[in-house]
Number of protein chains: 2
Amino acid sequence: MAETPDSATETADSSSPGHDCLCPLGGVMDLLSRRYAMQLVCVVDAIGPARYGDIEATFEEVSSSTLSTRLEELVDAGILSREQYDEIPPRVEYELTETGEELGERLEPLLRWAEEIDETELATGQSKER
Amino acid sequence: MAETPDSATETADSSSPGHDCLCPLGGVMDLLSRRYAMQLVCVVDAIGPARYGDIEATFEEVSSSTLSTRLEELVDAGILSREQYDEIPPRVEYELTETGEELGERLEPLLRWAEEIDETELATGQSKER
DNA sequence: TATTTATACTGTCAACTCCGAAGTATTGGA
DNA sequence: TCCAATACTTCGGAGTTGACAGTATAAATA
């Protein structure tokens with residue numbers, strides 16, 4: 001990181017979009033940039049095969065509609081799997097796919113760090129709410 | 001990961017409200033959950049002390065108003081520093097703070113992985129645009 | 001002198017996306 | 001008949017984003 005910035009006349013990058021810049025603007029990151037998405041992956045990772053109600057209970061702050069949307073997106077993206085049992089009352093279980101577990105591994109350090117930061121920030125009194 | 005959740009019995013360190021769940025819903029993650037935020041941290045990490053124009057050029061997709069907002073948020077959060085030189089034409093340089101670099105370290109694996117995933121997804125033809 | 005250029009934004013407004021409260025469907029039990 | 005339980009939808013308002021235009025400054029240019 002922190003490459004020499006004087007590369008105004010830098011070596012022929014604009015010719016090809018074969019950017020070595022690791023900043024994907026496309027699919028997965030856009031998905032994960034939505035509210036609660038990363039945390040959602042994280043809880044499913046934590047509590048394993050989880051029913052809708054379990055997840056909802058864990059995320060008191062999130063409305064069911066938003067939760068529903070996020071779950072669907074994550075399933076569509078191949079990060080979560082959804083297993084439906086035809087019972088009454090209905091039962092549905094969400095679980096990480098293999099891809100989802102890969103993601104979880106990358107997410108965990110980030111979330112842990114964030115938790116830490118939030119605590120120290122709260123301690124020093126700096127608050128910035130959304 | 002998928003730790004056994006019974007790690008609650010560990011060292012009883014935090015007197016804080018219970019949750020050993022590593023899914024912070026507060027400040028930093030909320031900030032990073034906004035569109036382009038993570039990628040923004042990433043480019044500043046990549047190109048070092050960066051001027052507004054440089055960043056804007058890198059993110060063609062982002063409007064200047066949004067970029068401006070994100071930068072401000074990240075500066076307020078202590079992730080980026082902003083150095084203003086009183087020259088004409090004006091010059092402003094953004095750089096990662098120490099905290100920002102910590103974040104960058106956690107972000108890099110995620111973004112790399114995302115890039116990879118997007119490529120294979122594109123290859124298999126599954127698309128989900130925002 | 002007047003105009004252009006360069007930079008880093010800010011303002012405005014319309015479009016888009018997100019969010020939460022309340023409602024839906026199903027069937028067994030009181 | 002009414003209620004409970006589960007996993008969602010629906011709807012209208014709130015919040016976010018983007019396109020475009022404008023601001024400030026002084027040196028360079030016509």
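What you see is a predicted model, and the numbers here were worked out from it, not measured in a lab. First the proteins, then the strands, lettered A, B, ... as listed; each starts at 1.
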(Q) Output the rounded distance in Å from CG (B:Leu67) to C1' (C:dG11). (A) 16 Å

Q | Value in whole Å for how far the P atom of D:dG18 lies from CZ of B:Arg34 | A | 13 Å

Between the protein and nucleotides 7-14 of chain D, which nitrogen or oxygen pairs come in under 3.5 angstrom?
from	atom 1	to	atom 2	distance (Å)
D:dA7	OP1	A:Arg51	NE	3.1
D:dA7	OP1	A:Arg51	NH2	3.2
D:dA7	OP1	A:Val92	N	3.2
D:dA7	OP2	A:Gly53	N	3.1
D:dC8	OP1	A:Arg82	NH1	2.3
D:dC8	OP2	A:Arg82	NH1	3.2
D:dC8	OP2	A:Tyr94	OH	2.9
D:dT9	O4	A:Ser64	OG	3.2

Q.
In whole Å, I'd like the distance from the CG atom of B:Asp86 to the P atom of D:dA24.
A. 17 Å

(Q) Rounded to the nearest 0.5 Å, what separates atom CG in B:Leu80 from atom CD in B:Glu83? (A) 13.0 Å

Q. At their closest point, which heavy atom of B:Arg51 faces which heavy atom of B:Glu93, and how far apart are they?
A. CG-CG, 4.1 Å

Q: Compare side-chain N and O positions of B:Tyr36 against OP1 and OP2 of D:dG18 and report whether any pair is under 4.0 Å apart.
A: yes

Q | B:Arg91 NZ/CZ over B:Tyr85 ring centroid, <6.0 Å and within 45° of normal | A | yes

Nucleotides 27-30 of chain C: which of its N/O atoms have a protein N/O under 3.5 Å away?
none

Q. Between A:Tyr94 (side chain) and A:Val75 (backbone), is there a donor-acceptor pair under 3.5 Å?
A. no

Q. What is the distance, rounded to the nearest whole Å, between atom CD of A:Glu60 and atom P of C:dC19?
A. 17 Å

Q: Please determine, by modelled atom types, if A:Thr69 and A:Thr66 share a side-chain donor-acceptor pair under 3.5 angstrom.
A: no

Q.
Under a 4.0 Å threshold between the charged nitrogen and the carboxylate oxygen, would A:Arg34 count as salt-bridged to A:Glu73?
A. yes

Q: Give, for atom CG of A:Leu71 and atom CD1 of A:Ile55, the distance between the pair rounded to the nearest 0.5 Å.
A: 5.0 Å

Q. Are B:Arg70 and D:dT17 close enough that a side-chain N or O sits under 4.0 Å from OP1 or OP2?
A. yes

**Q.** B:Thr97 side chain vs B:Ser81 backbone, donor-acceptor pair below 3.5 Å
**A.** no

Q. Of the nucleotides D:dT17, D:dT6, C:dC19, which has the atom closest to the A:Pro89 side chain?
A. D:dT6

